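Take a look at the structure below.
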Amino acid sequence: VEKLPQNESITMEPWKANFSSANALGEVGGFNKLMRPDSLEALLARENIDGIDDPSTNLLAVDLGMKAGAAVFDRSGAVLTVESYRFTNCSAIGEAVHELIKNYTIGHVVIEGADRQLFAHWKTAIEEASSSIKLARIVASEWREDFLTKKEKKVTTKAKKAAALIARQILKDSGYKKKKLSSDASEALCIGRYAIRALKWVDTTVPPVVRYANGEIAT
């Protein structure tokens, strides 16, 4: 899996004008390391600066790909919907984005994936749907670091299996009716839980994953 370069250069939009190059180097919000302007850390830093956050909005988490997963979380951490997509073209991405934003009052979008072209399509569709949505991009290692054990992270198949079990926990916690989940949808749920914890929408003193005494993920 291709990883995003940690120092990738991205052209900033005009609304980011007050977020200077010094800020991108982590010199605000308590950050002391280089961060991408489109990273979740940078989004948090900007929110600390401008203080703008609409509490009536929800978060959309996306596992990027032509085979994609998407999950929407509210401010309490509950899952509002989780979907799997099999896009045949990029216009279909725009249609899905507009439908999700319209139906679920999205204020934040967090996307995991390294495909720059697909990310650009999502970004364009999001900006066309709403100019106020805050967008961040992460890599899988970010949420896996918090959610998975060393053994689970070491092998891709184990990481996928763990994500599926964690996704079931997330649905159960939300009281969401169980449904068959694709691996993309399972990962979207994990991405979403990671994001809402990073945004401090939920109590982060509670472990993100419930495990048995032997370390296995509780089912």
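Keep in mind it's a predicted model, so treat the numbers as computed, not measured.
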Worked verdict on Phe87 versus Leu118 for side chain to side chain contact (heavy atoms under 4.5 Å, CB included)
CA-CA 11 Å; Phe87 297 118; Leu118 279 180; over 6 Å; no
Please determine whether side chain to side chain contact (heavy atoms under 4.5 Å, CB included) holds for the pair Thr219 and Tyr212, giving the CA-CA distance in whole Å, both sets of side-chain angles, and the decisive distance to 0.1 Å.
CA-CA 9 Å; Thr219 56; Tyr212 296 122; 3.6 Å; yes
Side chain to side chain contact (heavy atoms under 4.5 Å, CB included) between Phe119 and Asp38, intermediate numbers included
CA-CA 11 Å; Phe119 179 80; Asp38 68 341; 4.2 Å; yes
Side chain to side chain contact (heavy atoms under 4.5 Å, CB included) between Leu181 and Arg168, intermediate numbers included:
CA-CA 9 Å; Leu181 295 172; Arg168 288 294 175 185; 4.3 Å; yes
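At a threshold of 4.5 Å between non-hydrogen side-chain atoms, the residues Ile170 and Phe73 count as touching. The side-chain heavy atoms of Arg197 and Pro208, taken from C-beta on, include a pair separated by under 4.5 Å. Side-chain contact check for Arg137 versus Arg116: some heavy-atom pair is nearer than 4.5 Å. When side chains are defined from C-beta on, Ile101 does not count as touching His98, because their heavy atoms never get closer than 4.5 Å. Under the 4.5 Å side-chain criterion, counting only non-hydrogen atoms from C-beta, Glu152 is not in contact with Arg144.
Taking both residues in full, the closest heavy atoms of Ile111 and Leu135 are given as CD1-CD1, 3.8 Å, listed atom of the first, atom of the second, then distance. When all heavy atoms of Ala96 and Tyr85 are compared, the pair lying nearest together is CB-CE2, 3.8 Å. Listed here is the closest heavy atom pair of Ala70 and Ala188: N-CB, 3.7 Å. When all heavy atoms are compared, the tightest approach of His108 to Leu199 is CD2-CD1, 4.0 Å. Taking both residues in full, the closest heavy atoms of Tyr176 and Val82 are given as OH-N, 3.6 Å, listed atom of the first, atom of the second, then distance. Across every non-hydrogen atom of Glu187 and Ala163, the tightest pair is CG-CB, 4.3 Å.
Note that CG of Asn89 is 9.5 Å distant from NE2 of His121, once rounded to the nearest 0.5 Å. In this structure, CG in Asn58 is found 6.5 Å from CH2 in Trp201, a value given to the nearest 0.5 Å. Taking CE of Met66 as the reference point, atom CZ of Arg86 lies at 11.0 Å (rounded to 0.5 Å). Taking CD of Gln169 as the reference point, atom OG of Ser174 lies at 11.5 Å (rounded to 0.5 Å). Once rounded to the nearest 0.5 Å, the distance linking CG of Leu59 with CG of Leu80 reads 10.0 Å. Taken from NZ in Lys134 to CG in Asp54, the straight-line distance is 9.0 Å, to the nearest 0.5 Å.
A side-chain donor-acceptor contact under 3.5 Å links Arg75 and Thr57.
Relative ring orientation between Trp143 and Phe147 is described as perpendicular, the plane-to-plane angle rising above 60° on a 0-90° scale split at 30° and 60°.
Atom NZ of Lys153 has more than 12 neighbouring heavy atoms from other residues, nucleotides or ligands inside a 6.0 Å radius.
Using a 4.0 Å cut-off between a side-chain N of Lys or Arg and a carboxylate O of Asp or Glu, Arg193 and Asp146 do not qualify as a salt bridge.
In the hydrophobic clustering of ILVMFWY residues, with side-chain heavy atoms under 4.5 Å counting as a link, Val155 and Leu165 come out apart. No continuous path of ILVMFWY side-chain contacts below 4.5 Å connects Val210 to Leu189, so the two sit in separate hydrophobic clusters.
The one candidate from Leu64, Val62, Val110 that meets the side-chain contact (heavy atoms from CB on, under 4.5 Å) condition with Ile191 is Val110.
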